[in-house]
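Take a look at the structure below.
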Amino acid sequence: MKTCRCDKCKTIIPINIQEAVIDPNEEDNVIEQFFVCHKCGARYTICIYDNFMRKKIAIREKLSKSKYDWKRSEKLQNEMRKHLEELKVKYNR
């Protein structure tokens, strides 16, 4: 199992990925993937999946199975990163 150091309490913690629905009112559930420090309770968001993110992930998966287009992949990654930051603000994560 992979580990990391908690930014808050500096304890080495296992990365035990969990999922939770954080907005069931959307068209499809908005799901957060995260892990928590077992010592201090600090929560680390890995990703938040909404329809936009699911569509972009599907496009990247198709792209990886065809002739790889680095520019398009980088553009998708940047869009996803920006959207994730917006979701973190929206859901206070």
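Nearest heavy-atom pair across F35 and I13 is CE1-CD1, 3.8 Å. Across all their heavy atoms, L76 and K56 have their closest contact at CD2-CD, 3.6 Å. Contact record, F34 with E19: CE2-C, 4.0 Å, taken as the closest heavy-atom pair. Across every non-hydrogen atom of Q33 and Y49, the tightest pair is OE1-OH, 3.2 Å. When all heavy atoms of P14 and T3 are compared, the closest pair comes out as CA-CG2, 4.0 Å.
The side chain to side chain contact (heavy atoms under 4.5 Å, CB included) with P24 is formed by just one residue from the set V21, D28, I22; it is V21. Just one residue in the list I31, V30, D50 forms a side chain to side chain contact (heavy atoms under 4.5 Å, CB included) with D23, and that residue is V30.
Of the possible polar contacts, none joining the R43 side chain to the V36 backbone as a donor-acceptor pair under 3.5 Å is found. A side-chain donor-acceptor contact under 3.5 Å links Y44 to the backbone of D7.
Here R72 contributes atom CZ and R60 contributes atom CZ; the two are 11.0 Å apart, rounded to the nearest 0.5 Å. Rounding to the nearest 0.5 Å places CZ of R93 at 13.0 Å from CD1 of I46. If you take CG on L63 and OG on S73, they are separated by 5.5 Å, rounding to the nearest 0.5 Å. With values rounded to the nearest 0.5 angstrom, R81 atom CZ is found 8.5 Å from E74 atom CD. To the nearest 0.5 Å, the span separating CG on N29 from CG on N51 amounts to 10.0 Å. Put simply, CD1 on I17 and CE on M1 are 9.0 Å apart, with the number rounded to the nearest 0.5 Å.
In the hydrophobic clustering of this structure, Y91 groups with M53; members are Ile, Leu, Val, Met, Phe, Trp, Tyr whose side-chain heavy atoms approach within less than 4.5 Å, directly or through other members. Hydrophobic clustering of Ile, Leu, Val, Met, Phe, Trp and Tyr side chains at less than 4.5 Å, counting indirect connections, unites I57 with L84.
Summarising the local packing, NZ of K88 is surrounded by more than 12 heavy atoms from other residues, nucleotides or ligands at distances under 6.0 Å.
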